[in-house]
Asks: 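One structure is given below, represented as structure tokens, and several questions about it will come after.
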Amino acid sequence: MLALNIFTRYTFALILFALLSTDSALPYDYADTSIVDVGATRADTQPNRLRLWLTISARHRYLEVSWQNAPAHRDDHILITTEEPHTFERVEFTLGTPLAAFNDVEGSGFVPNDGITERGTSLHTRFILQRKADQKAHSNVIDAFEGSGAYDSYTDAPRSKSTRASRDYWISNGGVKDVVAALQPSGASQWFTTGVPFDFALSRNVTAKTSCYGYWASYVNGNGTILASACLSAYPRWMRDMKTVVGNLRLRDLFIPGTHDAGSYKPNFDPLLNETIVTKYALTQDDDIRGQLMHGARYLDIRVGYYKNTADKFYINHGVMRHQPLAEIIAQVKEFVLETNEIVIFGLKEFPVGFGKGLGVHRLLVSFLQQHFGDTIVHPSATWRATLNDIWGRQQNVILAYDLGSIVNEFPHTLFRSVEQRWGNVETWAALEKYLRSINTFDVSRLSSRPVADMAELTPDTWGVILDKYGGLRKMADGTNWRISQLYRDELGANANIVAVDFIRGTSLMEIALELNKRRVAYY
């Protein structure tokens, strides 16, 4: 029986690996990186400017806050609120256990990881259970304060009446706004995973008019003065909003956020409730295509399978794992560009199922794309040398970049040559970092007009997948995405073009894009 179980597990895992392999890279990192010191080196026009970012972890969907160039004084705090704060102040509160904050082990202290980087985290379960315990034990007092702030420190158990001491309690906007977490920065630049869960239903409510929503982070000094702030943001029209700045640049000249295996998501999926061995390795994004575009992605890595015996012939695939019908994906892209007038690169690659060795199914796919995208397709006569203004002048928005030269030659009025994907095919962060540095330092394609995409994922070996050594793509992304954000923000962004990742909401790539694209104008 034991031998049979081992054989069954081996067989299943081997099949799963085959389904998800090829260059659908599975990001992985061995290090536990919950507290991260992201370093202070940076080539910046304002190198000492304090900045904050809010992101979302993939595995538990917790809010993450990162910062750079912080003074990190003893009385400084980073406060997270559910609405935009305008003022903060401290009030004295003589109650036992605080509602929502962190002790030295779980937040305000930072445990070295590898001697170079550190990362911090709070324990969500303890946070919630303690909050409920506080509410029950002190309901007659907490009712007046519930949802209005956070203490500066954390104790393990309620103190008796005789030992209660005064504590400073942060409130926002006179106590009207909710402060859901508070932490004290112990370093100038760090990345911190909080215990505050993010509900993706908030993202589904994002529209083309949305900017900040859901949560705000504020860096305040001891007097409550806001020194810097950030919010969870949507970027539905970032290209159009920057038209006067970047309109005369080519897509090759921009820094563009992208999503790897963009169609590998499951609508309304909650990994904390519904995760299985299949979903752990088959899903690569949390937002649907519309959500990815609303939050700034402009390069979509698309893998298509053909199923001749189904009602919908074409599907999005991750390996041979089938996901959404292609028609649904196209509808989301088309609706987005018609509403926002943004430019999107729809990069078709791999064709893992049903295409065979001939070109017949490819011709069917091109016809399908022509029918469903219609007039939104950018005519290839624009070429990759076209500026954004050139493309907007054509009143077209979707570039179909096809990864098969013979088909591109056969359909010169529909298809662009594919985006060049640069894929490291490595299984450790050290190797991926070395690869990404090398391709951006010695970029032989820099003078070409054809866009290039750094596929910023790691690839596990076969046995690692068989034994579930990696813990799933979400865990792998959480060990990689903060490093990708740091690397491109601080060093590689100056030369990079497209950077595509899994679970893009765990990166600050969009904020990096806005800053770098403004700076690039001076060079063209």
Side-chain angles (χ1 to χ4, degrees), residues 38-49 51 53 68-69 211 230 233-259 292-293 295-301 340-345 347 378 382-393 397 399 401 416 419-422 436-456 484-501 504 507-524:
V38 296
T41 59
R42 178 182 178 79
D44 198 338
T45 55
Q46 296 177 288
N48 297 317
R49 180 162 60 99
R51 283 173 299 179
W53 297 273
Q68 188 173 46
N69 302 323
S211 54
S233 300
Y235 300 93
R237 289 188 170 96
W238 70 264
M239 284 181 169
R240 291 293 299 186
D241 290 343
M242 297 181 70
K243 182 178 180 180
T244 58
V245 177
V246 301
N248 289 322
L249 299 184
R250 307 166 302 171
L251 289 165
R252 178 65 178 88
D253 302 327
L254 296 176
F255 185 100
I256 300 175
T259 47
Q292 293 170 40
L293 295 171
H295 288 89
R298 293 296 178 267
Y299 169 69
L300 303 176
D301 174 40
T340 64
N341 204 17
E342 292 288 280
I343 297 169
V344 174
I345 302 175
V378 177
T383 76
W384 283 123
R385 293 187 295 274
T387 66
L388 271 63
N389 284 335
D390 292 336
I391 296 172
W392 279 319
N397 301 85
I399 294 176
F416 278 68
V419 169
E420 177 189 352
Q421 288 191 353
R422 306 194 290 196
L436 294 175
R437 287 182 184 278
S438 68
I439 60 175
N440 282 280
T441 302
F442 306 102
D443 187 357
V444 296
S445 63
R446 192 170 298 164
L447 298 179
S448 170
S449 60
R450 179 188 178 194
V452 294
D454 296 356
M455 307 306 289
I484 294 299
S485 300
Q486 172 192 358
L487 188 63
Y488 283 90
R489 185 189 68 205
D490 294 349
E491 301 180 60
L492 303 187
N495 294 327
N497 183 198
I498 298 169
V499 180
V501 296
I504 192 172
T507 75
S508 54
L509 288 179
M510 190 57 240
E511 291 80 1
I512 295 169
L514 293 179
E515 181 176 322
L516 291 178
N517 288 331
K518 290 176 182 177
R519 283 200 266 152
R520 287 185 178 190
V521 175
Y523 297 101
Y524 296 98

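Note that the structure is predicted; figures quoted are calculated from it, not measured.
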Asks: Please name all residues satisfying salt bridge (Lys or Arg N to Asp or Glu O under 4.0 Å) with Arg422, sequence neighbours left out, ordered by chain then number.
Replies: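 Arg422 satisfies salt bridge (Lys or Arg N to Asp or Glu O under 4.0 Å) with Asp443, Asp454 only.
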Asks: Under the side chain to side chain contact (heavy atoms under 4.5 Å, CB included) test, which residues partner Ala401, sequence neighbours left out?
Replies: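 Once residues adjacent in sequence are excluded, the partners of Ala401 under the side chain to side chain contact (heavy atoms under 4.5 Å, CB included) criterion are Ile345, Trp384, Val419.
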Asks: Identify, with sequence neighbours excluded, every residue that meets side-chain hydrogen bond (donor to acceptor under 3.5 Å, both in side chains) alongside Thr340.
Replies: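 So Thr340 forms no side-chain hydrogen bond (donor to acceptor under 3.5 Å, both in side chains) with any residue.
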Asks: Would you please name every residue forming a side chain to side chain contact (heavy atoms under 4.5 Å, CB included) with Asn248, sequence neighbours left out?
Replies: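 In terms of side chain to side chain contact (heavy atoms under 4.5 Å, CB included), with neighbours along the sequence ignored, Asn248 is linked to Asn389.
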Asks: Picking from Asp241, Asp253, Leu388, what satisfies side chain to side chain contact (heavy atoms under 4.5 Å, CB included) with Val246?
Replies: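 Per the side chain to side chain contact (heavy atoms under 4.5 Å, CB included) rule, the option paired with Val246 is Leu388, out of Asp241, Asp253, Leu388.
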Asks: Is the closest basic N to carboxylate O distance between Arg489 and Glu515 below 4.0 Å?
Replies: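 The answer is no: the pair does not qualify as a salt bridge.
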Asks: What distance separates Gln486 CD from Ile512 CD1, expressed to the nearest 0.5 Å?
Replies: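 These two atoms lie 10.0 Å from each other.
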Asks: Minimum heavy-atom separation for Asn497 and Leu251, please, with both atom names.
Replies: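 For Asn497 and Leu251, the tightest heavy-atom pair comes out as ND2-O, 3.0 Å.
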Asks: Of all the heavy-atom pairs spanning Trp238 and Tyr235, show the shortest one and how long it is.
Replies: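 Nearest heavy atoms, Trp238 then Tyr235: CD1-O, 3.4 Å.
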Asks: Name all residues meeting the side chain to side chain contact (heavy atoms under 4.5 Å, CB included) criterion together with Arg385; count only those two or more places apart in sequence or in a different chain, and write none if there are none.
Replies: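 For Arg385, the residues satisfying side chain to side chain contact (heavy atoms under 4.5 Å, CB included) (neighbours in sequence not counted) are Thr383, Ser449.
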Asks: Locate the shortest heavy-atom distance separating His295 from Met510; write the atom from each residue and the value.
Replies: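 So the minimum-distance heavy-atom pair works out to O-CG, 3.8 Å.
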Asks: Could you pull out the closest heavy-atom pair between Tyr299 and Gly347, with the gap in Å?
Replies: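 Shortest heavy-atom separation between Tyr299 and Gly347 comes out as CE1-CA, 4.3 Å.
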Asks: Tell me the closest heavy-atom pair linking Ala382 and Ala386, and the distance in Å.
Replies: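 Smallest heavy-atom distance, with atoms named: O-CB, 3.4 Å.
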Asks: Dump the intermediate steps for side-chain contact (heavy atoms from CB on, under 4.5 Å) on Leu436 and Ile439, then the final yes or no.
Replies: CA-CA 5 Å; Leu436 294 175; Ile439 60 175; 4.1 Å; yes
Asks: Once side chain to side chain contact (heavy atoms under 4.5 Å, CB included) is applied, do any residues pair with Thr507, and if so which ones, sequence neighbours excluded?
Replies: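 Applying side chain to side chain contact (heavy atoms under 4.5 Å, CB included) to Thr507 gives Asn481, Ser485, Val501, Ile504, Leu509.
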